[in-house]
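Every number for a ligand or one of its atoms is a count from 1 in the order of the listing. Computed over heavy atoms, backbone and side chain alike; hydrogens, waters and symmetry mates excluded. Being a predicted model, the structure only gives us computed values, none of them experimental.
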Amino acid sequence: MNLHVLYSPLWNTIKPSCESMSTAFAPGKAIIFGEHAVVYGRPAIAVPVKQVQAQADVEPGGTGTGVLLVAPNLNRTCTLSDAPPQDALRAIVESTLTHMQVGVPPDVTITVTSTIPMACGLGSGTAVSVAVARALAGYFGVRLPDEVVSELAFEVERIHHGRPSGIDNTVVAYERPVCYTRGQPVEMLTVGKPFHLILADTGVCAPTRISVGAVYRNWQTDPQRYDSLFDRIAEIAKAARVLIENGDPVELGGLMNENQQLLREIDVSSPELERLIAAALQAGASGAKLSGAGRGGNIIALVSPEVSSSVEEALRNDGAKGILATEVS
Ligand code: PMV
């Protein structure tokens with residue numbers, strides 16, 4: 001998509017509309033069905049996790065002549081031009097300014113904070129990109145369409161991730177449950193009946209690039225086997241979509257377990273993930289699986305309100321480093 005067609009060339013002369021601070025937020029996310037297979041064109045389902053979020057503040061006064069980037073969580077302060085060319089923050093700032101046809105970077109300070117744990121499949125980097133793009137556009141008095149924000153964040157994902165499907169930037173930018181298939185229009189899901197998920201962190205940092213790369217090598221070695229596994233995951237995601245939209249969430253548990261079995265077969269589970277999955281199921285969750293790239297990061301468990309606290313307790317006892325409960329609605 002050519003993002004520039006959405007705006008008129010008059011924006012060449014774009015100026016900040018006000019000299020006050022602009023703030024934007026973006027949620028975390030969880031993939032509930034179809035990770036990895038989605039990279040190969042199969043559908044996947046993801047939901048925003050609004051209990052955690054990234055925040056970007058853009059305020060007047062930066063380096064005196066340009067942008068100052070401040071990330072207190074990372075103990076980092078630098079000018080835009082001093083940041084490495086491949087730096088994610090630099091990339092989203094530059095692509096947002098380019099998109100808005102702002103020739104000279106404004107004299108502002110961009111401060112980024114986040115409560116989303118990093119590198120564990122909750123979309124922390126994507127949320128930072130989305131928040132920065134929105135806050136920076138907001139500083140110029142512009143509300144960027146979700147579609148544009150999603151595209152801008154996708155470009156940054158590409159730098160770090162190599163082969164992103166686009167599901168992360170989509171669910172984070174739209175802040176709605178989505179059924180996503182690469183190269184097709186985004187489909188928003190209507191949730192027939194709310195359901196509850198518990199997310200539990202193994203504490204194992206697992207960069208997405210590594211696990212996506214490993215799956216890619218396996219797929220190249222044995223495309224027939226992997227394509228058939230991806231097809232089976234696609235069937236599960238499609239069946240899950242029907243259950244979610246029809247308001248039949250209890251049945252989702254079985255599909256989560258089946259999806260997890262296929263994720264084991266494509267070799268992206270790990271002993272730490274399996275331990276938390278077993279703990280959740282034993283404590284009464286109706287389904288549990290890894291979420292995101294795997295080999296670490298988070299599991300998600302489907303729970304009824306009655307078993308929610310015992311599942312949380314079991315996960316904590318079995319070594320979960322962080323726990324989040326969220327309602328999908
Ligand atoms: O960013 P993560 O860890 O949630 O993983 C993204 C999901 C994958 O399907 C593994 C990769 C992708 O781009 O869809």
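- Within 4.0 Å of ligand 1, counting heavy atoms only, the contacting residues are K29, I31, E35, H36, V38, V39, G121, H161, P164, S165, I167, D168, T208, V212, G292, A293.
- In this structure E312 satisfies the salt bridge (charged side-chain N to carboxylate O under 4.0 Å, His left out) test together with R316, sequence neighbours excluded.
- Looking only at atom types and distance, the side chain of T126 has a donor-acceptor partner in the side chain of E157 under 3.5 Å away.
- A donor-acceptor pair shorter than 3.5 Å can be found between the side chains of T79 and D82.
- A donor atom on one side chain and an acceptor atom on the other are not found under 3.5 Å apart for R217 and Q220.
- A donor and an acceptor atom, one from each side chain of Q260 and S269, are located under 3.5 Å apart.
- Between E155 and S95, the side chains place no donor N or O within less than 3.5 Å of an acceptor N or O (distance only, hydrogens not considered).
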